[in-house]
Amino acid sequence: MDSKRIYYLSLLLILYMFPAADMHTQELPADEGDYFIVWEDDGPMFMQRLSWDHDEFAFRYELILEEEQNGENVEILREITEENYKLISLHPGRYRYTVMVYNLLDKIEYTMDWVYFEVLRALQPKILAFTPGEIFLDGNTQLQQLAVNTEDLVPGALLMLRRLEPEQEIHPLRTEINGKTAQLIFNSGQLEPGSYNVYIRNPGGLDASRGILRVSFRGPPEQGIPEQGIPEEDVPEEDVPGQGIPETGKTYLGRPDISVSVGYSPLIPLYGALFSGDAFDKFLFPLGAAAQVNIVPLKWGWCNLGLEFGASLNKPEVQKENYDVAAKLLGAQISLLYQLWLPNRIMALNFRLGTGAGVIWDFYFDYHSGKGDSLDSQYLSLVAGVSFQWLIRGPFFIEAGVDFTHILSSDDRSEPGYLRPVLSVGWKF
């Protein structure tokens, strides 16, 4: 520092031999610096770059940094430097800084204006889920919509698709954000068959990616493409099974959606009787459980069609004055499943209609002096139901609904019907 000071003093003497000129008739304000991210083992660290105008005749600078605390500006840093910038990591808050410029005589020549700035909290975005998991291309659908369920999405975030091979960024025509759900609308011409990742980058640089989104043709790729120079209008049309859906005109049997769920399911008798008219006369039998496996291969975007395989177990029991009565009901069902996705694409209504078979076993009366003989019986049934499904986090979902079962019996007077409310949790593959 001393040698540099002697050099500057010598230069100053030389300058005094020439007519003096006021080099600082106007103070130049410092500019707010940029920032960058340093990745460490425990996560990202943001570095702010505070910078100001360089003065070629400055001997040194003195940086003063203050933070707004409880309505007052409190000095948190005072540092002397020969550079016209300072790298520092600041936590979220409101700040201001100024710079004192020392001349070649190591005297304060002037002080720059205060620069005010705010450090915002940088949030790490998360992609919990996106639907649909596969986009089908055809000549009838011009726009494709992708619903992305997110966390910590900041206004102004960048959302797009990244094609894996070859690498390519696909930006949506527009993005509509409603709470934690972002709707990405693409033109079909932007997409080509392949595998994509969904990508988000918040202002500040933190990002997230989730895959795999598949894009494929609706039907064989060569279908509808002219071959050997034949004009497309001259290619004969073929009858394709399943055509006639109003939305797209075609049905596609693609990679099925599979979900598995288990939950709580009590029993509510509506009419009829299992064995005896007054044996089970309670309004609600709380002991019960249910499980479902859904396979949905037919998809038209908003509405899907598939099969549901279900199983249930209930234990009705009643304690009376002179005896107790109990039984176990084990049922298995197969149903046609119609799935209607809501516009946010993370909620759906499920409608089911089908048939089943079951067993009533270990049906007995206990007269408090000993358990009587147990009876078993088999039955067929008709089932119907409706439920509401909500993708809570990623492929994890909750589902609430009610199923109706009518047991078929040779004795029409004793055919019972009952409801089974179902509250379950599940996983969508």
Side-chain angles (χ1 to χ4, degrees), residues 1-16 18-125 152-158 177 200-207:
M1 178 68 74
D2 289 341
S3 60
K4 183 178 179 181
R5 183 173 180 180
I6 293 174
Y7 169 77
Y8 281 148
L9 288 175
S10 302
L11 180 60
L12 183 61
L13 291 175
I14 296 174
L15 290 175
Y16 280 165
F18 295 90
D22 186 0
M23 304 295 294
H24 305 292
T25 56
Q26 180 181 0
E27 295 180 2
L28 299 176
D31 294 328
E32 181 179 342
D34 203 353
Y35 67 91
F36 58 92
I37 303 176
V38 176
W39 291 92
E40 298 183 342
D41 293 338
D42 55 350
M45 180 177 68
F46 282 81
M47 299 294 297
Q48 288 77 30
R49 186 178 189 272
L50 308 181
S51 61
W52 51 92
D53 288 338
H54 172 67
D55 191 326
E56 58 180 327
F57 299 111
F59 180 60
R60 60 186 173 93
Y61 305 99
E62 185 172 359
L63 170 67
I64 302 173
L65 177 64
E66 296 182 352
E67 180 183 8
E68 184 179 309
Q69 300 178 3
N70 300 323
E72 297 182 356
N73 293 308
V74 179
E75 183 177 315
I76 61 173
L77 176 68
R78 181 182 291 261
E79 183 173 307
I80 293 176
T81 178
E82 297 178 8
E83 305 292 341
N84 66 321
Y85 65 90
K86 170 64 179 177
L87 297 179
I88 188 172
S89 180
L90 301 172
H91 59 76
R94 300 178 64 87
Y95 299 86
R96 70 175 187 175
Y97 69 91
T98 186
V99 176
M100 293 188 294
V101 182
Y102 288 76
N103 60 24
L104 300 179
L105 298 175
D106 202 15
K107 303 295 183 180
I108 296 178
E109 182 71 19
Y110 61 93
T111 301
M112 295 184 179
D113 292 335
W114 287 99
V115 175
Y116 294 80
F117 66 98
E118 183 177 4
V119 176
L120 302 176
R121 182 177 301 279
L123 296 178
Q124 174 68 57
D152 296 329
L153 183 66
V154 177
L158 171 66
I177 298 178
I200 292 179
R201 185 173 70 240
N202 272 342
L206 297 181
D207 58 2

Donor-acceptor contact present, side-chain [X] to main-chain [Y], <3.5 Å:
| X | Y | value |
| --- | --- | --- |
| N202 | L206 | no |
| N84 | W52 | yes |
| Q48 | L87 | no |
| E67 | G93 | no |

Could you tell me the separation between the [atom1] atom of [X] and the [atom2] atom of [Y], rounded to the nearest 0.5 Å?
| X | Y | atom1 | atom2 | answer |
| --- | --- | --- | --- | --- |
| L104 | F57 | CG | CZ | 7.5 Å |
| R49 | I88 | CZ | CD1 | 14.0 Å |
| Y102 | I108 | OH | CD1 | 4.0 Å |
| E68 | E118 | CD | CD | 9.0 Å |
| T98 | E62 | OG1 | CD | 10.0 Å |
| L63 | L50 | CG | CG | 6.5 Å |

#### Entry: Sequence-distant partners of Y85, ring-ring contact (aromatic ring centres under 6.0 Å, His included), two or more places apart
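ring-ring contact (aromatic ring centres under 6.0 Å, His included) check on Y85 returns nothing, list empty.
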
What heavy-atom pair brings [X] and [Y] nearest, and what distance separates the two atoms?
| X | Y | answer |
| --- | --- | --- |
| E82 | Y61 | O-CE1, 3.8 Å |
| L65 | Y95 | CD1-CB, 4.2 Å |
| A157 | I200 | CB-CG2, 4.5 Å |
| R60 | I80 | NH1-CD1, 3.0 Å |
| M47 | S89 | SD-CB, 3.7 Å |
| P155 | P203 | O-CG, 3.6 Å |

### Message
In the structure I gave you, are the side-chain heavy atoms of Q124 and D152 within less than 4.5 Å of one another anywhere?
### Response
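Contact flag for Q124/D152 side chains = no.
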
### Task
Give a yes or no on this: more than 12 heavy atoms of other residues, nucleotides or ligands lie within 6.0 Å of atom CZ of R201.
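No.
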
### Y97 and F117 aromatic ring geometry - parallel, tilted or perpendicular at 30°/60° bounds
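Plane angle over 60°, so perpendicular.
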
### Message
Does D55 form a side chain to side chain contact (heavy atoms under 4.5 Å, CB included) with E109? I'd like the steps, not just the answer.
### Response
CA-CA 11 Å; D55 191 326; E109 182 71 19; 5.9 Å; no

#### Entry: E72: partners by side-chain contact (heavy atoms from CB on, under 4.5 Å), with sequence neighbours left out
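Here no residue qualifies.
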
### Query
Partners of E79 by salt bridge (charged side-chain N to carboxylate O under 4.0 Å, His left out), sequence neighbours excluded?
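Residues passing salt bridge (charged side-chain N to carboxylate O under 4.0 Å, His left out) with E79: K86.
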
